Trainee: 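Before we start, here is the structure in question, set down as structure tokens.
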2 protein chains.
Amino acid sequence: MTDKNRATPEKDSPRTLPTTPDPAAAKDLRLLLDGRWASTRDTFRKAISGETGKKLLHDPTLSMDDAREAMLGKLGILAETEMQKGVFAPENGGEGDTGATLTGLEMVGYADLSTMVKGGVQWGLWGGAVDALGTERHSHYVRDIIDLKLLGCFGMTERGHGSDVQNIETTATYDPETKEFIVDSPTPSAEKVYIGNAARHGRMAAVFAQLYTPESTESHGVHCLLVPIRDEEGNTLPGVTIGDHGHKGGLLGVDNGTLSFDKVRVPREALLNRFGDVSEDGVYSSPIESRNRRFFTMLGTLIRGRVAVGAAAGAATRASLTIALRYAMRRRQFEGLPGKEKRLIDHRAHRLRLLPRLARSYALAMLQNQMIERLHDQTAAVNRGEWDVANPTEEQLRKQRETESRAAAVKVAATAHATDTIQECREACGGAGYMAENRLTIFKADSDVFTTFEGDNTVLVQMVGKELITAYARDLSELSPIDMVKFGVENISDVLRQRTTIPLTVQSLIDRVSDREENSLFDAGYQVKIIQEREHNLLKSLARRLKDAKKMEPADAVKLVDKAQDHLIDLAWARIDTMLIEALIEAEAELPTDSPAFPVLEQIRHLFAFSTILKHAGWYQEQNILTGNRTKAARAAVNDLVDSIGPWSGVLVDAFGIPDVLVDVPMLNDSGVDPVE
Amino acid sequence: MTDKNRATPEKDSPRTLPTTPDPAAAKDLRLLLDGRWASTRDTFRKAISGETGKKLLHDPTLSMDDAREAMLGKLGILAETEMQKGVFAPENGGEGDTGATLTGLEMVGYADLSTMVKGGVQWGLWGGAVDALGTERHSHYVRDIIDLKLLGCFGMTERGHGSDVQNIETTATYDPETKEFIVDSPTPSAEKVYIGNAARHGRMAAVFAQLYTPESTESHGVHCLLVPIRDEEGNTLPGVTIGDHGHKGGLLGVDNGTLSFDKVRVPREALLNRFGDVSEDGVYSSPIESRNRRFFTMLGTLIRGRVAVGAAAGAATRASLTIALRYAMRRRQFEGLPGKEKRLIDHRAHRLRLLPRLARSYALAMLQNQMIERLHDQTAAVNRGEWDVANPTEEQLRKQRETESRAAAVKVAATAHATDTIQECREACGGAGYMAENRLTIFKADSDVFTTFEGDNTVLVQMVGKELITAYARDLSELSPIDMVKFGVENISDVLRQRTTIPLTVQSLIDRVSDREENSLFDAGYQVKIIQEREHNLLKSLARRLKDAKKMEPADAVKLVDKAQDHLIDLAWARIDTMLIEALIEAEAELPTDSPAFPVLEQIRHLFAFSTILKHAGWYQEQNILTGNRTKAARAAVNDLVDSIGPWSGVLVDAFGIPDVLVDVPMLNDSGVDPVE
């Protein structure tokens with residue numbers, strides 16, 4: 001931007017990359033991006049290439065009814081790959097390879113988000129509920145779910161309680177006389193809404209409800225039961241009312257609808273009874289004493305859906321960037337040198353709109369891979385019997401909490417980035433970007449609800465913030481008074497650093513950073529430190545603001561907490577940025593320094609770091625963490641970096657390895673662009 | 001945000017508004033928002049209410065073909081109001097009331113952007129071209145265009161030259177033997193693309209082409225000719241090729257298509273000959289000598305379309321805010337006090353996402369009204385014969401340039417704001433916001449291309465910046481050396497202030513501001529000064545950076561200009577923000593200080609000013625214009641302001657006066673929200 005000349009030049013500024021990119025770099029970057037399930041990715045790449053891939057693409061000319069019917073065929077294509085089996089437990093006919101299924105679902109996001117969502121509803125939500133909350137008596141259902149013999153619904157959200165699941169109104173009351181549960185929607189606001197598979201294809205639903213038994217007038221909390229909603233011919237069953245949401249902002253092929261129940265009776269065995277059961281004579285029992293922990297344990301087993309949504313949002317974003325950047329490399333517009341039109345990528349404004357977003361997509365892809373690994377390893381431990389979900393060890397409980405918090409953070413980060421970046425890609429392709437055949441508007445419309453479902457981002461991001469502040473309070477209380485004196489307030493950051501699981505690679509880089517100003521902005525450790533500093537600073541100041549809330553009258557406490565809501569949200573975003581830079585640095589460490597990809601990935605990290613820091617340039621100066629001279633230098637560096645990375649855009653998107661048939665849209669080959677070399 | 005406690009408190013902080021809003025405020029605000037065409041607005045409000053309004057709404061269940069057919073009926077509804085007549089010249093059957101038509105088209109944006117665009121294509125672009133570029137021999141066409149007897153196309157954009165109109169490739173070559181023009185698309189990239197009315201309804205097209213006569217091998221520049229493309233039965237005419245763009249990201253009812261011509265012959269009189277004509281024997285003549293000025297004069301007459309697009313984008317944004325804020329006032333979610341769920345508006349994060357955008361919408365509405373007045377007055381002067389477009393006075397030329405630059409700026413501001421705000425409204429309504437019946441996704445999809453058509457925002461914003469830098473250079477060169485010494489570099493800002501037409505109301509406020517730091521952030525004059533300071537600062541530094549470009553080798557100059565592209569764009573956005581705060585202040589000055597609307601509009605202005613300044617909090621500190629303490633204070637003020645304005649959200653959107661039938665969507669009345677009081 002402005003006044004570059006007045007900023008102090010930074011030492012260790014990286015060299016401008018060669019203007020002729022080395023295609024070999026794409027190969028090494030691909031290895032990194034593919035991660036632990038590289039061979040799954042390669043198999044799946046073949047599966048969604050060619051004619052099969054074409055069949056998955058959304059056809060915007062279809063009516064809603066036809067799009068919904070076509071969807072069944074697409075779901076069949078996925079089922080044939082058997083990609084869905086990984087996520088299910090071996091005793092239910094699955095393969096216990098969570099990472100493989102999640103990686104597969106992610107890659108469906110390159111092709112068609114409707115298909116990904118329909119698959120996610122069937123196998124992730126509906127199948128996931130039965131698999132994770134049910135017991136051996138429900139195992140045969142899972143087998144039918146896996147091979148699409150039993151399509152079903154995940155009935156959690158209610159009209160009156162979008163994100164507030166703990167307060168849903170649907171009831172399931174046990175009747176010892178008939179040994180049945182009576183499932184009921186007592187009020188209009190108890191209606192289940194936005195339920196996938198409900199409007200057309202679902203035959204059964206996993207219904208979340210407050211559980212009542214004769215022994216008490218109080219609910220045992222939210223539990224889940226299997227309720228048939230349609231017969232074999234597709235007729236709605238008695239007592240069930242099904243509504244159709246009709247047209248939505250996108251995802252036309254997914255049949256979202258509403259469900260409500262008028263005293264529908266289901267057998268006692270319909271209760272998914274892993275974490276809570278009712279005996280024949282109506283006595284409630286659970287392996288988990290605390291109602292609250294029981295609720296969160298149940299929810300915790302369902303985060304695979306949340307992880308899949310973040311992953312697919314990331315894939316759709318990478319596909320959009322691939323399309324927009326390939327267009328930018330070929331499309332000519334406006335004269336540069338006399339008689340020679342410039343390519344879009346030759347305009348700096350164009351580089352600035354797409355390349356920082358590309359850098360963030362790289363960071364997200366790395367973080368997403370870590371997330372899948374983490375969830376996979378945890379599920380594997382459960383499958384091996386080393387981890388009892390109902391009775392975890394302290395260490396496992398801590399890990400589980402961190403997994404949930406990270407899953408929330410990654411979902412928020414990936415879906416918010418998708419909304420922002422796919423929009424930018426659409427606009428960066430001008431009128432051509434608005435034509436459905438070029439796919440960007442389809443990605444945009446379909447991904448739009450990803451910020452809302454599987455946990456609304458606004459709610460999830462506060463959950464991330466709350467977890468941070470709770471852990472902080474706990475850690476502080478665990479410090480002895482002597483420790484407190486020893487550390488002092490100034491060194492609370494050290495406490496923070498010791499607490500969160502900072503990767504070793506990253507920690508050693510931070511340790512090398514001195515506390516003086518002359519650290520180069522291009523030093524990786526210093527970059528993490530600056531980004532992390534915002535997280536720690538916001539955490540400490542928020543703790544200070546909230547510390548009196550407990551002693552207050554409820555009305556005052558509510559007001560205090562509301563006034564700090566934006567602070568809490570900022571904290572969570574700062575945490576997300578820390579996670580992203582850490583993931584990038586860890587990925588970088590895996591690359592041999594003599595790889596042709598090394599210098600370009602390094603510049604991607606610089607670009608991510610500086611554009612992230614600059615979003616808060618005002619704050620950093622207010623807090624005296626960075627001087628105005630340094631933020632100016634960072635701004636100049638962003639400009640230099642997009643200039644340097646520009647010619648490498650093609651290589652950077654090639655590395656995503658998206659099958660051609662999914663991204664080779666008409667505008668890339670029309671007469672307004674250069675022919676492919 | 002954070003550390004509010006550490007910020008120095010500002011003097012003159014406004015009082016928190018009463019928590020019970022005064023509905024009388026809506027009436028006074030409505031008067032301001034309705035502006036000069038208040039009675040047109042009221043008439044049109046009635047016209048698009050009730051059953052008629054319902055007929056205008058987009059039905060998402062329609063197929064593309066049916067949506068296109070339905071569109072003709074909607075266009076008929078508009079035609080019956082005669083709203084289109086205003087924009088046409090009296091000698092062509094119009095009423096010469098530009099403001100009335102533009103206001104009407106704007107309000108169609110409350111109902112359905114497809115209808116607005118279809119009307120804009122027919123009357124604004126196609127009709128506008130014939131009206132403004134043609135002469136008496138084309139008058140009968142205009143009459144048929146007004147009453148929909150002749151639907152037509154505006155054939156400007158080509159595949160190879162989206163925004164770069166001066167370099168289009170279509171040719172119109174005069175053949176003196178037959179006294180005809182031969183219209184031809186010599187290359188595939190000469191194909192006309194994205195042309196509204198082309199795919200289905202258009203019978204004729206206004207085709208922009210390079211004009212050739214036998215006297216010279218060089219083009220006389222871009223001119224416009226009438227070319228029939230379909231016969232009465234709708235069959236494509238010989239030599240014409242029509243393509244169909246099919247599905248787009250939105251605007252399904254608008255039949256965009258492609259046109260190309262294979263040596264199609266049209267009579268000599270088909271040339272719209274107001275600014276350039278060819279005699280029977282093939283001699284070219286024009287009232288405007290300079291080829292360049294001729295081109296820009298032609299384009300200049302067409303800005304009504306650009307103004308209409310900005311206006312309708314603003315309307316769609318206000319309709320979306322009305323829906324989202326009414327939902328926020330009624331929808332309850334999550335517990336506040338025990339047993340009592342909070343309304344969405346009671347969450348500060350929710351207020352922060354919607355209310356600063358509402359404030360900007362207010363500013364935009366005021367600016368848009370000024371824009372329409374300006375264009376109206378200019379057109380009226382032309383109609384009265386006081387302004388010869390082909391031979392304007394120096395003063396008129398300057399005014400015309402400023403009108404064009406302002407039209408570009410307002411279009412960019414309104415459409416970018418629409419993209420951002422409608423998206424935020426959709427997300428703020430959660431799952432309900434994604435259901436098509438609640439209209440937000442329709443507004444989003446339809447408005448999405450507004451940033452691209454009628455001048456891509458990226459191109460227009462640079463045009464705004466270039467006009468500023470050109471005028472600056474001109475002004476500086478007009479200063480005598482003695483003046484230069486007298487003013488000195490430090491006082492260039494005074495030169496700038498004298499140059500741009502700052503409204504008197506605003507200037508007097510600025511004049512009262514002292515140069516010392518103790519000005520209150522709540523002082524209107526100081527707010528303008530800070531926002532304006534960014535514009536002036538960026539202008540001066542850009543001029544410094546570019547001053548050597550003229551002396552350079554072309555290749556180096558191209559590089560230098562590219563490296564300053566982001567600077568140029570920042571400058572234009574700073575100019576836009578100045579225009580917006582000025583418009584708000586002028587509106588405020590029209591309101592009696594005893595109006596119940598006065599304190600709320602004042603807080604809207606504060607909110608706009610602070611949220612605008614905070615977008616550049618980093619820059620303001622880098623440039624030593626604001627200290628960190630002051631940006632912190634501004635941030636604290638934004639929080640206080642959204643808390644204060646929150647309960648007034650209903651009044652603030654009521655003031656827009658959007659007919660109920662257009663915004664009373666199902667989610668406002670379902671069982672998840674409070675009943676309307």
Side-chain angles (χ1 to χ4, degrees), chain A residues 1-3 60-61 63 159-160 162-164 188-189 193-194 245-249 333-334 336-338 347-349 352 427 430-431 434-437 441 444-445 448-449 451-453 456 458 538 541 554-555 558 562-563 565-567 569-570 614 617-618 621-622 628 631-632 639 670-672, chain B residues 1-3 60-61 63 159-160 162-164 188-189 193-194 245-249 333-334 336-338 347-349 352 427 430-431 434-437 441 444-445 448-449 451-453 456 458 538 541 554-555 558 562-563 565-567 569-570 614 617-618 621-622 628 631-632 639 670-672:
Chain A
M1 236 241 329
T2 56
D3 296 308
T61 67
S63 70
R159 195 176 290 281
S163 294
D164 193 2
S189 57
V193 287
Y194 316 132
H245 279 296
H247 280 71
K248 306 183 294 292
Q333 188 77 280
F334 286 103
L337 286 172
H347 295 268
R348 184 186 265 174
L352 281 171
E427 294 181 42
Y434 196 59
M435 302 300 118
E437 64 183 10
T441 56
K444 170 70 201 151
D448 196 66
V449 76
T451 54
T452 301
F453 68 17
D456 187 281
T458 314
L538 289 171
S541 51
V558 165
D562 182 61
K563 278 185 189 297
Q565 196 181 24
D566 55 316
H567 192 151
I569 291 172
D570 283 346
L614 284 173
Q621 291 174 74
E622 286 164 16
T631 56
K632 272 191 230 167
N639 277 332
D670 77 19
S671 57
Chain B
M1 238 246 322
T2 57
D3 297 309
T61 67
S63 70
R159 196 175 289 280
S163 294
D164 193 1
S189 57
V193 286
Y194 315 132
H245 279 298
H247 280 70
K248 306 183 294 290
Q333 188 77 276
F334 285 103
L337 286 172
H347 296 268
R348 185 185 265 174
L352 281 171
E427 293 181 42
Y434 195 59
M435 303 300 117
E437 63 181 13
T441 55
K444 170 69 201 150
D448 196 67
V449 76
T451 54
T452 300
F453 68 16
D456 188 282
T458 314
L538 289 170
S541 50
V558 165
D562 182 61
K563 277 186 189 296
Q565 197 182 23
D566 55 315
H567 193 151
I569 290 173
D570 284 346
L614 284 173
Q621 291 174 73
E622 287 164 16
T631 57
K632 272 190 228 167
N639 277 331
D670 77 20
S671 57

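Predicted model only: the values in this text are computed from it and were never measured. So you know, we letter chains A, B, ... as the sequences are listed, proteins then strands, and number each from 1. When reading the values below, keep in mind they use all heavy atoms of this one structure, side chains included, and skip hydrogens, waters and symmetry mates.
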Trainee: Does any heavy atom of chain A fall under 4.5 Å from the side chain of Phe453(B), the backbone, both, or neither of them?
Mentor: neither
Trainee: Let me know if Thr61(B) has heavy atoms under 4.5 Å from chain A in its side chain, its backbone, both or neither.
Mentor: both
Trainee: Which heavy atom in Arg348(B) sits nearest to a heavy atom in Gln565(A), and how many Å separate them?
Mentor: N-OE1, 2.9 Å
Trainee: For His247(A), give me all partners under ring pair (Phe, Tyr, Trp, His ring centres under 6.0 Å), at least two apart in sequence or on another chain.
Mentor: none
Trainee: Closest approach of Glu427(B) and Asp456(A), non-hydrogen atoms and distance?
Mentor: O-OD2, 4.4 Å
Trainee: Identify which part of Gln621(B) has an atom lying under 4.5 Å from any heavy atom of chain A, answering side chain, backbone, both or neither.
Mentor: both
Trainee: For chain A, which of Lys248(B), Glu437(B), His245(B) has the most heavy-atom pairs under 4.5 Å?
Mentor: Lys248(B)
Trainee: I'd like to know which of Ala349(B), Gly249(B), Ala617(B) tops the heavy-atom pair count under 4.5 Å against chain A.
Mentor: Gly249(B)
Trainee: Chain A: which of Thr441(B), Asp448(B), Thr631(B) shares the most heavy-atom pairs with it under 4.5 Å?
Mentor: Asp448(B)
Trainee: Against chain A, label Asp562(B) side chain, backbone, both or neither, depending on which of its atoms sit under 4.5 Å from a heavy atom there.
Mentor: both
